[in-house]
Amino acid sequence: MNGVRQYFVANAVSVGSGLLSLIIFVRVFSPAEYGELSLITGAIGLAVIVGTAGLPQSAVRFYWSMEARGRDREFTGSVLVGGAAIAALVSLGLVALPGTALSVAGDAGVRGLLAVAAVAVFWTCVGDLLVGFSRARHETRWYNGAVSLRRVLALGGSLALTVGAGLGLHGFLWGQALGEMAACLVLLRKAQPRLSWRFDRDIFLRSLTYGGPHLLVVGSGLVLSIVDRYVIQFLLGADAVGVYVVRYTVAGTLSGLVTRPFNLYLFPAYTKTWETQGAVATSALLARASELFLMVYVPLAVGAYVLEERVVALVAPGGYGAGARVVGMVFLALVFHGLSMISAAGLYLTAGTGKVGLVTLAAAALNIGLNLFAVPRWGIVGAAAVTLITYAAQYAGLTALSWRTLPVAFPARSLCRYLVAGAVMIAVTVWVIRQELAPMLLGPLAGAVSYGAVLMLVDRNARALALQVAGRSLELRS
C-alpha cells in the first residue's frame with residue numbers, strides 16, 4: 001500500500017486548499033451566493049466529466065501496452081489532441097445551452113455565469129488529461145506536483161479576482177479558469193518530450209470506446225453526490241443550499257483524505273494484479289485494502305460526529321446556521337462510497353462498467369425521490385439522511401453484481417475492533433474537551449492516540465502496520 005501514501009501527499013494539498021478556499025469564501029459570499037456557486041460548480045463538474053469522455057481512464061488502461069509497442073508518445077498526443085477537441089465542443093455547448101438544471105430556481109444570475117464556467121471547463125479537462133498520464137505511468141512525484149500546482153494556481157486566481165479585485169462570483173470562476181490555464185501551459189511544456197503531436201485516429205477511437213462507459217460511471221457518481229442540493233434549491237431556496245453545502249463540503253473534504261488516495265491507487269493496482277497474478281491475488285489485495293480503509297476512516301468519522309459543531313464554527317461564520325447534524329451523517333454515507341470502489345472491482349475488470357453507472361443512476365433517482373419526501377419535513381438534516389441511505393443502497397447493489405466475478409470478503413471482525421477503538425476515542429475526546437483549560441485540538445489528538453493504542457492491543461493487522469512503518473522510519477534514519 002505504499003502507493004496510497006504517495007498519493008496522499010498531493011491529496012493533502014488538495015484538501016488543504018479546499019479547506020482554505022471554504023474558510024475564505026464563506027466569509028466573502030452570503031449563504032445564498034455560496035449556494036449559487038455550488039450549483040454552478042456542480043454544472044462545471046458534470047461538463048468536465050463529459051468533456052474528458054473517460055479518456056483519463058483509457059490512459060491508465062492502455063499506456064503500458066502502447067509503450068511496449070513503442071507508440072506511447074503517439075498514444076499520449078492522440079488522446080490529448082482528441083480530448084481537447086471534445087472539451088472545446090462541450091465548452092461551446094455549455095455557452096449555447098439556454099437552460100440547465102440550474103434554471104430549476106429560475107435564477108438568471110446563476111445562468112449568466114455559464115459563459116465564464118465554459119472557459120474553466122475547457123482548461124480543467126485539459127488538466128485532467130495531462131495528469132491522467134502521470135497516473136498511468138505511476139509517476140507519483142510528477143502527479144503530486146501537477147495536482148498541487150493546479151490547486152494552488154486556481155485558488156490564487158480566485159482569491160486575486162474575488163477578494164482583491166472584488167468581482168464576486170464572476171471573479172471566482174475567472175480565477176479558477178485562469179489558474180487552470182496557467183497550470184496547463186506549465187504541464188504541457190514539461191510533458192512535451194513525452195508526446196507526439198501526430199494524431200492517430202484508430203488509437204483515439206479505441207481509447208474513446210473504452211472510456212465511454214467510464215463517463216457514465218463517473219457522471220452518475222457526480223449526479224448522486226450533487227443532486228440533493230438542486231432539490232434543496234427547488235424546495236427551500238439558495239440560503240438553505242449554502243448552509244447544506246458548507247457542511248457537506250467539510251465532510252467531503254476531510255473524508256477525501258482517505259477516499260481519494262485509495263481511489264487513485266487501487267484501480268491501477270488491482271488492474272495490474274488481475275492481469276499478472278489472477279483473481280485470487282486480486283481478491284486478497286482488495287480485502288487488505290478494505291481493512292486498511294476502514295482502519296483509517298473510522299477515527300475520522302468518529303471525530304466528525306463528535307466535533308461537528310466546533311469544526312463548522314471554525315470554518316464558517318454564524319450566518320451558515322448551527323444545530324444541523326449533517327457532517328456526521330455525510331461522513332457515514334461516504335464510507336459506503338469508499339467501500340463501493342473496492343466491491344465493484346469485478347465489474348470494472350470484466351467490462352461491466354455500464355452496470356456500475358446504471359446502479360449509481362438508480363441510486364441518484366432514489367435520492368431525488370426520498371429528498372422530495374424528506375426535505376420538506378426535516379430540511380437539510382433529511383437530505384443528509386437520504387444521502388446515507390442512497391450510498392448504502394449503491395454499495396449493496398454494486399457488491400451483489402460484482403460478487404460473482406470477484407468476491408471481496410468484508411472485514412466484519414476487523415470493523416468490530418475498529419468500532420470498539422472508536423468508542424474509546426469518543427469517550428477520551430469528549431472528556432478532554434470538557435476540561436475547559438484544554439485547547440480544542442488536544443481533544444482530537446488524545447482521542448486519536450487512544451484509538452491507535454486500543455488497535456495495537458486488539459488488532460494484529462494494526463500491529464503489523466505499525467511495525468512496518470517503524471521499520472521503514474529506522475531504515476531512513478540509518
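What you are looking at is a predicted structure, and each value in this text was computed from that prediction instead of being measured. Residue numbers run from 1 in the order of the sequence given.
In this structure Thr399 satisfies the side-chain hydrogen bond (donor to acceptor under 3.5 Å, both in side chains) test together with Ser343, sequence neighbours excluded. Checked against ring-ring contact (aromatic ring centres under 6.0 Å, His included), Phe122 has no partners two or more places apart in sequence or in another chain. Listed by chain and number, the residues in a side chain to side chain contact (heavy atoms under 4.5 Å, CB included) with Ala400 amount to none (sequence neighbours excluded). Listed by chain and residue number, nothing satisfies the ring-ring contact (aromatic ring centres under 6.0 Å, His included) test with Phe410 (two or more places apart in sequence, or in another chain). With sequence neighbours left out, the side chain to side chain contact (heavy atoms under 4.5 Å, CB included) criterion links Ile226 to Leu46, Leu222, Arg229, Tyr230. Residues passing the ring-ring contact (aromatic ring centres under 6.0 Å, His included) test with Phe204, sequence neighbours excluded: Phe199. Checked against ring-ring contact (aromatic ring centres under 6.0 Å, His included), Phe336 has the following partners two or more places apart in sequence or in another chain: Tyr395. By the side-chain hydrogen bond (donor to acceptor under 3.5 Å, both in side chains) test, Asn371 is found to be paired with Asn367, residues two or more places apart in sequence or in another chain being considered. For Ser78, there are no side-chain hydrogen bond (donor to acceptor under 3.5 Å, both in side chains) partners two or more places apart in sequence or in a different chain. Scored by the side-chain hydrogen bond (donor to acceptor under 3.5 Å, both in side chains) test, Arg150 finds Asp128, Glu180 as partners (sequence neighbours excluded).
Panel note: side chain Thr162, backbone Phe172; a donor-acceptor pair is recorded below 3.5 Å. The backbone N or O of Val250 lies less than 3.5 Å from no partner atom in the side chain of Thr253, so there is not a single donor-acceptor pair. Between the Ser134 side chain and the Val131 main chain, a donor and an acceptor come within less than 3.5 Å of each other. With hydrogens and angles ignored, the 3.5 Å screen pairs no side-chain donor or acceptor of Thr405 with any backbone N or O of Gly346. Between the side chain of Glu33 and the main chain of Ser30, a donor-acceptor pair closer than 3.5 Å is present. Without hydrogens or angle criteria, Thr76 side chain to Leu195 main chain gives no donor-acceptor distance under 3.5 Å.
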Set out, in order, the CA-CA distance, both residues' side-chain angles and the distance that settles ring-ring contact (aromatic ring centres under 6.0 Å, His included) for Tyr297 and Phe331, then state yes or no.
CA-CA 9 Å; Tyr297 197 93; Phe331 244 98; 5.7 Å; yes
Run the ring-ring contact (aromatic ring centres under 6.0 Å, His included) test on Tyr34 and Phe25 for me, step by step, so that the C-alpha distance in whole Å, both residues' side-chain angles and the decisive distance to 0.1 Å come before the verdict.
CA-CA 8 Å; Tyr34 200 82; Phe25 291 113; 8.2 Å; no
Side chain to side chain contact (heavy atoms under 4.5 Å, CB included) for Ser38 and Val241? Distances and angles first, verdict last.
CA-CA 8 Å; Ser38 74; Val241 176; 3.4 Å; yes
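A donor-acceptor contact closer than 3.5 angstrom links the side chains of Asp228 and Tyr244.
Going from atom CD of Gln233 over to atom CG of Asp239 covers 9.5 Å, rounded to the nearest 0.5 Å. Atoms CD1 and CE, from Ile380 and Met329 in turn, are 9.0 Å apart once rounded to the nearest 0.5 Å. Between the CG atom of Leu334 and the CG atom of Leu300 there is a distance of 11.5 Å, given to the nearest 0.5 Å.
Residues in residues 189-200 take part in these side chain to side chain donor-acceptor pair (under 3.5 Å) pairs, two or more places apart or across chains: Arg71-Asp200, Glu139-Arg194, Gln192-Trp197. Under the side chain to side chain donor-acceptor pair (under 3.5 Å) criterion, no residue pair touches residues 39-52, with sequence neighbours excluded.
Ring orientation note: the planes of Tyr391 and His337 are nearly perpendicular, at an angle over 60° on the 30°/60° scale.
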